[in-house]
Amino acid sequence: MKKLTKQQKEEIIKKIQEDKPISDEYRFLIPFETEREYELVYAGKERKEDILADTLSVPFQPIKKFGEVKEDEWHNMLIFGDNLQALKHLLKLKEQGKLRNPDGRNGVKLIYIDPPFATEQEFRGAKEQKAYQDKIAGAEFLEFLRKRLIFLKELLTEDGSIFVHLDWRKGHHIKLLLDEIFGEEKLRNEIIWTYTGPSAPGQQQFSRKHEVIFWHTKSDNWIFNVDDIRVPYHETTAGKFESEGTGFGGKEADLSKGKIPEDWWYFPIVSRVRNEILGYPTQKPERLLERIIKASSNEGDIVLDAFAGSGTTGAVAEKLGRKWIMIDSSKLAIYTMQKRMLNLKAEIGNKGKALKPKPFVLYNAGLYLDSGFLEKMDEVDYRKFVLELFGAEPADNRVKGVQMHGILNNRPVMVFSQKDFLTHEFIDDLHKTLGDGLKDEMYIIAPMSVVRFNEDYIDKGKIRYHVLKVPYSIIQKILEKDFIRGLQPLSKANINQTIESVGFDFIYPPNVECEYYQGTEGGLFDQLVIKIKKFEPVQISKKQVEFKDPKKEALSMVMIDKDYDGNVFDMDHYFFNDEIVKNDFKVVFPKEKVGEKLMIIYLDVLGNEKAEVKNIKDFKKK
Ligand SMILES: C[S@@+](CC[C@H](N)C(=O)[O-])C[C@H]1O[C@@H](n2cnc3c(N)ncnc32)[C@H](O)[C@@H]1O
């Protein structure tokens with residue numbers, strides 16, 4: 001490394017003192033203490049330590065339980081929300097020893113992710129803008145993914161593996177980042193997934209028919225279940241072995257066992273595997289996940305997919321007897337996965353007998369059903385949820401015989417019942433009992449609706465009783481952080497977009513007014529029609545998104561279950577904004593197979609949904 005001259009040193013110090021950027025010529029002259037010989041440098045790259053510390057952990061709000069979920073037993077998890085914040089919460093669960101595998105190790109054994117590539121924004125726009133857009137979208141995307149990879153590494157068990165699915169656009173960048181985060185020597189394979197398919201007539205390049213999967217392990221001790229993934233030898237090789245021996249230094253290869261597959265895999269894409277097609281644009285084939293899950297995890301192990309899409313990872317994990325956690329920030333993905341998990345077939349390729357999934361819970365992480373919903377939660381779930389909401393650690397303990405539920409800033413926290421009123425008299429009585437049992441302060445968490453006074457804290461002698469009121473409008477004041485909602489897509493083409501949201505908020509159902517009728521739309525017989533007359537998102541937060549024409553801009557999609565069983569939303573049709581706007585705000589679907597009741601979900605771009613149940617009789621003949 002070249003030494004800096006005295007003058008150069010002074011110049012750098014001056015710039016720093018004036019808060020000005022240091023010129024580029026010094027970039028490689030300033031010595032940095034670094035763990036690596038080289039690394040990928042780009043705008044906005046944060047320190048790993050800051051990422052781990054500054055990310056907000058968002059609690060999981062149970063929305064629906066499928067099967068017999070028992071409080072102290074593992075259940076699989078389907079999580080709606082931004083994965084970064086959800087991963088931080090999962091890390092907390094790991095720290096609490098709640099991610100146990102059958103061998104006793106704590107954490108996730110296997111991670112598969114198939115992240116989006118932000119292509120829409122990147123390749124749109126005028127020529128002059130393109131270079132700039134590429135750079136920003138490029139660097140932003142890298143940091144978006146790097147942040148998540150940092151958490152994913154922390155979540156892995158010591159013998160865990162991560163498979164990152166990418167393509168020719170971003171693969172080379174991300175490989176460098178994976179090497180930085182996991183270590184170059186931890187790269188076990190660069191797997192090429194190949195497939196065939198039509199090409200555009202007259203195209204001026206070869207058809208792009210492969211994707212890349214990088215497999216890194218957390219340590220030098222990893223799982224590779226070689227006998228579970230063997231494939232038959234090619235017949236010419238088998239014949240040669242029989243006549244000439246195997247050539248493995250005198251070692252006999254057992255032909256009947258088959259060989260270890262190469263690092264390039266051929267599996268047809270989903271559109272060619274009829275039984276698997278769910279209509280989710282980026283769905284991956286089950287056979288691909290089968291090989292990964294069989295090779296790198298054992299039965300009963302925890303498998304995680306943080307960009308789960310249509311839920312291929314969870315579906316295959318379930319079939320192979322693994323536990324699963326799936327996260328996605330798109331509502332369409334969540335409803336697609338919910339339906340998929342409830343309609344599983346036992347064999348890979350979605351064939352064979354029906355398979356009832358093990359108990360799983362649908363959670364919201366970051367965007368919660370409104371505070372009225374809290375009242376419907378059972379005491380245990382409610383307590384866990386609100387403690388986490390305020391960043392308190394759950395802890396059962398007693399102070400002078402009074403039950404406390406958590407710890408915040410080293411002080412006790414009581415979660416007040418949702419059914420009583422929190423009054424001055426209660427605080428008086430509490431103080432009489434606790435008084436000298438407390439050091440200086442304590443916290444009481446209570447729903448705003450039960451608090452009978454306006455103060456945020458009450459002083460009694462030397463003790464301060466803080467009252468933390470739910471919902472979020474109050475929490476926001478404490479955190480002084482704004483919630484940035486990740487936007488839901490407006491068209492099918494945008495499903496694979498990167499979604500990023502920060503903080504948390506409650507769901508406010510949009511105002512929707514519709515006309516419902518039966519008709520012969522587009523010359524077809526027996527169609528049901530929902531004509532959207534009014535659509536307006538409800539925004540309570542300080543930072544509101546402005547819509548010039550809300551009906552046109554704020555509606556993301558409409559999803560329909562046309563034979564609603566009164567319990568689970570089992571999606572049959574979905575319609576994106578672009579299609580609805582083009583069709584003069586009409587949602588049209590066939591009457592065939594319609595039941596007595598229909599459930600219709602209207603989703604706004606901010607992620608709020610309004611669900612309504614309609615009777616078939618509400619659709620009048622026109
Ligand atoms: C390529 S798809 C995954 C497809 C999946 N492998 C399958 O087989 O169906 C990527 C998914 O990442 C989701 N996504 C994008 N940003 C996200 C975020 N910040 N948190 C969670 N999911 C996100 C998208 O909604 C999309 O469903």
Side-chain angles (χ1 to χ4, degrees), residues 55-56 58 77-90 111-121 137 140-141 143-149 151-152 163-167 169-170 193 211-213 267 269-271 273 276-290 292-293 303-317 324-341 348 350 363-367 484-503 556-557 574 576 603 605 607:
T55 301
L56 191 75
V58 290
M77 303 185 213
L78 176 58
I79 301 157
F80 166 59
D82 187 299
N83 49 13
L84 184 64
Q85 312 192 125
L87 289 174
K88 174 117 179 198
H89 181 78
L90 284 175
I111 295 167
Y112 166 83
I113 54 165
D114 169 22
F117 310 116
T119 45
E120 273 283 306
Q121 296 97 314
E140 268 178 17
F141 174 71
E143 190 61 0
F144 165 89
L145 199 56
R146 179 172 159 264
K147 282 184 182 171
R148 281 138 183 100
L149 289 170
F151 275 98
L152 289 169
F163 288 74
V164 181
H165 190 137
L166 298 157
D167 73 5
R169 277 172 287 213
K170 289 278 183 279
W193 169 41
E211 289 173 19
V212 210
I213 303 171
F267 293 121
I269 45 172
V270 166
S271 58
V273 194
E276 282 189 41
I277 302 171
L278 293 168
Y280 200 84
T282 52
Q283 185 187 347
K284 299 297 177 293
E286 295 195 359
R287 283 177 66 196
L288 182 78
L289 269 300
E290 179 192 22
I292 292 172
I293 294 176
V303 178
L304 164 72
D305 188 339
F307 294 92
S310 70
T312 314
T313 306
V316 177
W324 54 263
I325 303 171
M326 294 197 278
I327 314 172
D328 205 290
S329 53
S330 132
K331 275 278 166 171
L332 177 64
I334 295 295
Y335 288 126
T336 304
M337 285 192 266
Q338 179 176 302
K339 185 181 175 96
R340 184 174 191 169
M341 297 314 295
I348 302 296
N350 205 28
Y363 290 103
N364 277 8
L367 191 55
I484 303 165
R485 283 172 183 253
L487 296 189
Q488 299 288 320
L490 291 168
S491 75
K492 204 167 176 171
N494 277 345
I495 286 182
N496 208 13
Q497 70 189 2
T498 37
I499 302 177
E500 205 162 16
S501 57
V502 181
S556 165
M557 66 190 309
Y574 64 80
F576 273 107
L603 180 72
V605 290

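Count residues from 1 along the sequence. In each ligand, atom 1 is the first atom listed, and ligand 1 is the first ligand listed.
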Legend entry - Per-atom contacts of ligand 1 with Q283, taking only distances under 4.0 Å to non-hydrogen atoms: 7 (C), 8 (O), 9 (O)

Inset, instruction - Identify, by atom number and element, the atoms of ligand 1 in contact range of S330, meaning under 4.0 Å from any of its heavy atoms. - result: 25 (O)

Legend entry - Which of the ligand 1 atoms, numbered from 1, are nearer than 4.0 Å to a heavy atom of K284: 6 (N), 7 (C), 8 (O)

Inset, instruction - Find all atoms of ligand 1 within a distance of less than 4.0 Å from any non-hydrogen atom belonging to A306, and give their numbers and elements. - result: 21 (C), 22 (N)

Inset, instruction - Determine whether any heavy atom of A86 lies closer than 4.0 Å to an atom of ligand 1. - result: no

Legend entry - Distance (rounded to the nearest 0.5 Å) between L152 CG and R146 CZ: 13.0 Å

Legend entry - Atoms of ligand 1, numbered as shown, that sit under 4.0 Å from any heavy atom of F144: 16 (N), 19 (N)

Legend entry - Which of the ligand 1 atoms, numbered from 1, are nearer than 4.0 Å to a heavy atom of D82: 19 (N), 20 (N)

Inset, instruction - Quick one: do D82 and R148 satisfy salt bridge (Lys or Arg N to Asp or Glu O under 4.0 Å)? Show the steps, please. - result: CA-CA 10 Å; D82 187 299; R148 281 138 183 100; 2.9 Å; yes

Inset, instruction - Assess K331 against F80: is NZ or CZ under 6.0 Å from the centre of the six-membered ring, and within 45 degrees of the ring's axis? - result: yes

Inset, instruction - Could you check if a side-chain atom of I213 sits within less than 4.5 angstrom of a side-chain atom of D114, using non-hydrogen atoms only? - result: no

Inset, instruction - Could you tell me how the ring of F144 sits relative to the ring of F141: parallel (under 30°), tilted (30 to 60°) or perpendicular (over 60°)? - result: parallel

Legend entry - Check: A333 main-chain N/O paired with D328 side-chain donor or acceptor under 3.5 Å: no

Inset, instruction - From atom 7 (C) of ligand 1, work out which of T312, L289, I327 has a heavy atom at the shortest distance. - result: T312

Legend entry - D328 N/O to ligand 1 N/O under 3.5 Å: yes

Inset, instruction - Output the list of atoms in ligand 1 that are nearer than 4.0 Å to some heavy atom of G81, sorted by atom number. - result: 20 (N), 21 (C)

Inset, instruction - Look at the side chain of E276 and the backbone N and O of E286, then say whether any donor-acceptor pair between them is shorter than 3.5 Å. - result: yes

Legend entry - Polar atom proximity, Y112 to ligand 1 (N or O, under 3.5 Å): no

Inset, instruction - Considering the heavy atoms of S310, write down every atom of ligand 1 situated less than 4.0 Å from one of them. - result: 7 (C), 8 (O), 9 (O)

Legend entry - Any donor-acceptor pair under 3.5 Å from T312 side chain to K284 backbone: yes

